[in-house]
Amino acid sequence: LHKAVYVLFLLFQILGAVILGFGIWILADKTSFIAVLQMSSPSLKTGAYILIGVGALTMLMGFLGCLGAVNEIRCLLGLYFTCLMIILLAQVAAALVIYFQKETLKDELSKVVEDLIKNYDPLNEDERRNLQDAWDYVQTQIACCGWTGADDWENNEILKNKSNAEYPCSCSNRSKDLVEGRGFCSLDEPVNGTATYADWPVHEQGCMDGVEQWLKDNLGVILGVCTGVAVIELLGMILSISLCKNIHSEDYTKVPKS
C-alpha cells in the first residue's frame, strides 16, 4: 500500500506541474487561438490563474501527502484527502459551467472575431497586432477563412476600399501566399468591377466549423485526459483514507524539524 501511495504522490507532482504549465502557457501564448479566446472571454484569463493555483496546490498536496505517508501523520493525510476532494469538485463545477455556457461563449467569440476581421489592418503595430497574428495563425493551421466563411472578409474596411481586389493571405489555398502568412495578397487576374470572395483563391470552410470539427475529432483524447485526471485524484483520495485508517497512533517526532 505504501509503495502505491508513493507512486501516486509522484504522479500528483507531475500532474500539478502539467496543470501549472498549462495555466502559464494560456497567459503567455499570443500567437494561437488561445489569444483570440482571451479577447472573447476575460474569464479565460481568470481560468488560467485558477489553473496555476490548482497546479501549485496539487504539487504542494502531493508533497504533504507523501510526507504524511512516510511519517504516518493522519492529519496530513486528512488534509491531503480534503484538498483533493475540493479540487475534484471544482473541476466538475468548471466542466458544468463550460457545458451550460457554451452557447454564450460561442456568441461572445463570434462578436470578437467579426470585429477583428472588420477592422483587420496589416499596418497595425498596437496591441491588436498580436491578436491579428493569432487569427492569421488559426486560419493557416485549420485551413479555414473567416468565422462562418470567406464572405466575412468582405466586411473588412480596407478590402472594401480596394473593391475586394485583395484577400487575406492566411486564407489562401495556394502555398506561395502562405509564405507571407499575414496581411493581404493581390489577385493574379484583375476582376472588372468589385470582386467577391468567390473570386479569391481561399478556403471555403469557416473557422467556426473548423474549430468544432477539431473538437469533435479530438473529443476522445480530451475526455480521456479529463477522465484520467479524475481517476488519479479518486485513487489518491481512496489510498490516503485507507492509509489513514491503518495508522492507529501518530508519532509526531517523525515529522522533520526545520
Side-chain angles (χ1 to χ4, degrees), residues 25-27 29-48 97-175 177-178 180-187 191 194-219 222:
W25 171 67
I26 290 176
L27 290 178
D29 186 32
K30 302 296 180 186
T31 58
S32 71
F33 194 54
I34 296 294
V36 181
L37 287 175
Q38 283 194 51
M39 287 295 293
S40 67
S41 180
S43 58
L44 182 66
K45 186 171 288 187
T46 303
V97 168
I98 292 172
Y99 178 78
F100 288 111
Q101 294 292 319
K102 61 182 178 180
E103 289 303 322
T104 302
L105 293 172
K106 186 177 177 179
D107 291 340
E108 289 178 353
L109 182 58
S110 297
K111 290 176 183 177
V112 168
V113 174
E114 286 168 5
D115 178 70
L116 172 64
I117 290 174
K118 182 179 179 180
N119 297 294
Y120 182 100
D121 183 354
L123 300 179
N124 265 343
E125 293 297 338
D126 56 16
E127 60 182 16
R128 289 183 64 88
R129 172 66 180 269
N130 286 334
L131 191 59
Q132 290 180 176
D133 288 346
W135 186 245
D136 283 326
Y137 177 84
V138 170
Q139 291 190 141
T140 302
Q141 294 299 311
I142 300 181
C144 58
C145 192
W147 183 240
T148 58
D151 56 325
D152 289 345
W153 280 97
E154 291 186 346
N155 297 318
N156 179 267
E157 298 295 337
I158 294 176
L159 293 182
K160 283 197 292 188
N161 291 336
K162 294 182 178 181
S163 300
N164 292 333
E166 295 183 357
Y167 56 91
C169 298
S170 58
C171 278
S172 181
N173 52 26
R174 301 188 303 185
S175 57
D177 292 333
L178 295 178
E180 177 62 28
R182 64 179 306 274
F184 298 128
C185 295
S186 300
L187 289 170
V191 176
T194 302
T196 67
Y197 74 93
D199 299 309
W200 298 342
V202 297
H203 299 289
E204 296 181 2
Q205 177 182 244
C207 293
M208 179 177 67
D209 294 333
V211 171
E212 288 180 347
Q213 188 59 49
W214 182 88
L215 289 173
K216 287 178 182 177
D217 292 343
N218 293 276
L219 185 60
I222 295 170

Exercise: do T140 and D136 side chains pair donor with acceptor under 3.5 Å: no

Interatomic spacing from CD in E166 to CG in N161 - rounded to 0.5 Å: 11.0 Å

Where L187 and D199 come nearest, the two heavy atoms and their spacing: CD2-O, 3.4 Å

Distance in Å, Q205 CD paired with C171 SG, rounded so as to fall on 0.5 Å steps: 11.5 Å

Aromatic plane relationship, Y167 with W200 - under 30° parallel, 30 to 60° tilted, over 60° perpendicular: tilted

Minimum heavy-atom distance H203-S172, with the two atoms named: NE2-O, 3.3 Å

Pairwise side-chain contact, D121 with I158, heavy-atom cut-off 4.5 Å (strictly under): yes

Point-to-point distance, once rounded to the nearest 0.5 Å, from CG of N119 to CG of N156: 8.0 Å

Atom of P122, atom of R129 and distance for their closest heavy-atom approach: O-NH1, 4.5 Å

Salt bridge (charged side-chain N to carboxylate O under 4.0 Å, His left out) involving E204 - partner list, sequence neighbours excluded: none

Note, L159 side chain near E154 side chain (heavy atom, < 4.5 Å): no

W147 vs L116 side-chain heavy atoms within contact, under 4.5 Å: no

Spacing of CD belonging to Q139 relative to SG belonging to C144, to within rounding of 0.5 Å: 5.5 Å

pair Y197-V202: side-chain heavy atoms closer than 4.5 Å: no

I117 vs Y120 side-chain heavy atoms within contact, under 4.5 Å: no

Residue list, salt bridge (charged side-chain N to carboxylate O under 4.0 Å, His left out) with K118, at least two apart or on another chain: none

Heavy atoms of other groups near K160 NZ, more than 12 under 6.0 Å: yes

Under 2.5 Å between SG of C145 and C207: no

Residue list, salt bridge (charged side-chain N to carboxylate O under 4.0 Å, His left out) with D115, at least two apart or on another chain: R128

